[in-house]
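Worksheet for the structure shown next.
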Amino acid sequence: MTPPPIRFGIWALVHGSRAALRDPDEPYDASWDRNRRLIQEAEALGFDSTLVAQHTINPHHAPQDQLEAWTAAAALAALTERIEIIAAIKPYLYHPVVLAKMALGIEHISRGRFAINLVNAWNRPELEKAGIGFAEHDERYTYGREWLSVVEPLMRGRTLNHDGANFQVTDYTLRPADPYRARPRIYIGGESEPARALAADMGDVWFINGQPIEDVTALINDVAARPRTGPRLRFGLSAFVIARATEAEAHAHHMHLFALASRDIEIRMVQHANTDPKSVMAATMRRTPRVGSNGGTAAGLVGSYDQVAERIVAFNQAGIETFMLQYQPFEAEMRRFAHEVMPRVRRLTGAAERAAE
Ligand SMILES: Cc1cc2nc3c(=O)[nH]c(=O)nc-3n(C[C@H](O)[C@H](O)[C@H](O)COP(=O)(O)O)c2cc1C
């Protein structure tokens, strides 16, 4: 099968640095101003997408700043022209009718560039301390599935009648509907069995945590083989990139970030205690030493410019379309990636296309 065209995205810095919180080369900054500048620059550099994660309180270290995802996504939509804006959403935090209305609003502001990333939560205090309660892992997915079955038709502009275990919606229609396409895109983030089933049944794109290519290939094979109505499911990968002129330099920076990250050990212990023990994502992250969130460097995008480009192409051949990337220090490494790795990937994929002709 011909691999899908590669798209590059960046994780917005909604809770500051991704690898280590105390880095003299990247002072902690989760502000709106930084994120505005960052996403505008990413767009100018040729990135196709940005993922704005959603946390009401900082999941790593509660006293630290946390950018609010949906207000930031709406503002980013107004300030950019081309880049896709994905805002994450945890179903327990918003009634689905309200969320569908907000998604359509940002779809209008962005002129057809908005997407939601449905995620079912791992950080207990965020929901518990709000009095919402933290349901058991699979129950959260059951709730999320019903929630999405309300959001999806409403985003399509359909009139909805829904009588379910959690929501009762009668003769409900949202206007204006989406004038750009059928509805905003739906990403699903999560690795457990109910997450995979949800992605196969109701997602447009499944986001996979960064991990070695054999594991990613097995996950894609599993989920792509499931019965499904509608267009083929697409795949995204989260990964932390360290690309340098030589493999040795990349390795040295990786070790430097490991050393910095080890200073956060007490913070990480609190985070570990707050994490749902049934989170498959957390289990995956424990398997391979790494820096960065959502798999981080476990995806192996650490090496020379050529090595990183070749590995990206290998993931693409396994079925990955969107690469949602992290760096540290973010701005400088993002520029380096755009200048050094993107052209190499383009050369490799161009050569593969010419060979296939
Ligand atoms: C690409 C990606 C993005 C995610 N973004 C968020 C987020 O913004 N907020 C959040 O609370 N969890 C986020 N998660 C974590 C999921 O909510 C979920 O808790 C986690 O994957 C554990 O579920 P699992 O057992 O199905 O893997 C994300 C997961 C992935 C793969």
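Read the numbers this way: they start at 1 and go in the same order the structure lists the ligands and their atoms. What you are looking at is a predicted structure, and each value in this text was computed from that prediction instead of being measured.
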Counting only nitrogen or oxygen atoms and a 3.5 angstrom limit, does [X] reach ligand 1?
X: F207; answer: no
X: S192; answer: yes
X: N294; answer: no
X: Y141; answer: yes
X: V280; answer: yes

Counting each atom of ligand 1 from 1 as listed, which ones have a heavy atom of [X] under 4.0 Å away?
X: A195; result: 26 (O)
X: A88; result: 8 (O)
X: G190; result: 21 (O), 26 (O), 27 (O), 31 (C)
X: E191; result: 24 (P), 26 (O), 27 (O)
X: K90; result: 9 (N), 10 (C), 11 (O)

Do [X] and [Y] make a side-chain contact, defined as non-hydrogen atoms from C-beta onward lying under 4.5 Å apart?
X: V270; Y: H61; answer: no
X: L257; Y: I242; answer: yes
X: I39; Y: I10; answer: yes
X: E107; Y: M155; answer: no
X: R196; Y: R226; answer: yes

Please check if any side-chain donor atom of S293 sits under 3.5 Å from a side-chain acceptor atom of Q326, or the reverse.
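There is such a pair between these side chains.
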Any donor-acceptor pair under 3.5 Å linking the side-chain atoms of Q271 with those of R268?
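The criterion, which ignores hydrogens and geometry beyond distance, is satisfied for Q271 and R268.
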For ligand 1, which part of [X] has a heavy atom less than 4.0 Å away: the side chain, the backbone, both, or neither?
X: A121; answer: backbone
X: N117; answer: side chain
X: W11; answer: side chain

In the protein, which heavy atom is nearest to [atom], and how far is it?
atom: atom 10 (C) of ligand 1; result: H55 CE1, 3.4 Å
atom: atom 31 (C) of ligand 1; result: N209 OD1, 3.1 Å
atom: atom 9 (N) of ligand 1; result: Q54 O, 3.0 Å
atom: atom 16 (C) of ligand 1; result: V119 CB, 3.8 Å
atom: atom 22 (C) of ligand 1; result: S279 OG, 3.4 Å

Ring centres under 6.0 angstrom apart ([X], [Y]):
X: F114; Y: H108; value: no
X: H253; Y: H256; value: yes
X: F167; Y: Y143; value: yes

At a 4.0 Å cut-off, with the gap strictly under it, does some heavy atom of [X] reach an atom of ligand 1?
X: H137; result: yes
X: S238; result: no
X: N123; result: no

Sub-3.5 Å donor-acceptor pair from the side chain of T288 to the main-chain atoms of T284, do we have one?
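Side chain of T288 to backbone of T284, a donor-acceptor pair under 3.5 Å: no, none is there.
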Have a look at F8 and tell me which of V341, L325, V241 forms a side-chain contact (heavy atoms from CB on, under 4.5 Å) with it.
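Only one of V341, L325, V241 forms a side-chain contact (heavy atoms from CB on, under 4.5 Å) with F8, namely L325.
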Show the numbers, then the answer: is there a salt bridge (charged side-chain N to carboxylate O under 4.0 Å, His left out) between E331 and R37?
CA-CA 10 Å; E331 284 82 351; R37 283 194 300 273; over 6 Å; no
